[in-house]
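All values below come from the heavy atoms of this structure, side chains included, with hydrogens, waters and symmetry mates left out. Keep in mind the model is a prediction, meaning the values are calculated, not measured. Numbering of residues begins at 1 and proceeds along the displayed sequence. Just so you know, ligand 1 is whichever comes first in the structure, and atom 1 is the first atom listed for that ligand.
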Amino acid sequence: MEKTFGMIKPDAVERNLVGKILARIEAEGFKLVALRRIQMSKAQAEGFYAVHRQRPFFNDLTTYMSSGPALLMVLERENAILEWRNLMGATNPKDAAPGTLRKEFAIDIEKNSLHGSDAPETAAFEIPYFFSQTEIIS
Ligand code: UDP
Ligand code: MG
């Protein structure tokens, strides 16, 4: 069993899409082994997305990510990292395949409703960025 880090981003929380998204996550065989709702600070968002600090969208992205509450999740299943990326769909909803969450819910390339770790090393950074071991219960 593999674990990945996921988020329901502020645009989706604001539009009351949490229940629909969590239902889909469970229906696709993921176990929600940790869950918390927070509004991250700008500094927390900058640390989380540090890999993107040189990108032109970094300031807008971290402002948006700290603009309202988000849901933080640890998801567990076989091939969780790849399967969660597949269920989310492409970063730009214009490129997202039918049936993916971003195709269904995302507003644009920035406000794309969901986050997921893109590799084991990323999950190993992102999970403990927000969750302690005692909060993750398989
Ligand atoms: N993003 C953006 N403009 C871009 C690319 C990305 O605003 O041109 C935002 C978007 O919210 C995306 C996040 O930055 O989800 C992180 O980008 P990444 O390339 O890591 O995409 P992801 O892994 O989330 O699919
Ligand atoms: Mg990414």
Give the contacting part of [X] toward ligand 1: side chain, backbone, both or neither, where contact means a heavy-atom distance below 4.0 Å.
| X | value |
| --- | --- |
| K9 | side chain |
| M88 | neither |
| I109 | both |

Could you tell me whether [X] atom [atom1] has more than 12 heavy atoms of other residues or ligands within 6.0 Å of it?
| X | atom1 | result |
| --- | --- | --- |
| R15 | CZ | yes |
| E135 | CD | yes |
| K42 | NZ | yes |

- Should the pair K111 and Y64 be classed as cation-pi, given the thresholds of under 6.0 Å to the six-membered ring centre and 45° from the axis?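 Yes, a cation-pi geometry holds between K111 and Y64.
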- Item | Lys/Arg cation over aromatic F58: R53, 6.0 Å, 45° cone |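 No; the conditions do not both hold, so R53 does not lie above the ring face of F58.
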Just to confirm my output: which protein heavy-atom neighbour is closest to [atom], and how far is it?
| atom | value |
| --- | --- |
| atom 4 (C) of ligand 1 | F57 CD2, 3.4 Å |
| atom 11 (O) of ligand 1 | E110 O, 2.8 Å |
| atom 18 (P) of ligand 1 | H52 NE2, 3.5 Å |
| atom 22 (P) of ligand 1 | T91 OG1, 3.6 Å |
| atom 9 (C) of ligand 1 | L61 CD1, 3.7 Å |

Contacting atoms of ligand 1, where contact means under 4.0 angstrom from a heavy atom of [X]:
| X | value |
| --- | --- |
| R102 | 15 (O), 22 (P), 24 (O), 25 (O) |
| R85 | 22 (P), 23 (O), 25 (O) |
| N112 | 10 (C), 11 (O), 12 (C), 15 (O) |

- Message: Is there a side-chain contact between F30 and L87 in this structure, where contact means two heavy atoms from C-beta onward sitting under 4.5 Å apart?
- Response: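 F30 vs L87: side chains touch.
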- Side-chain touch L75/L32, heavy atoms, less than 4.5 angstrom: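 Of all side-chain heavy-atom pairs linking L32 with L75, at least one is under 4.5 Å.
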- Query: Mind checking whether F130 and F5 have parallel, tilted or perpendicular rings, split at 30° and 60°?
  - Reply: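 Rings of F130 and F5: parallel, under 30°.
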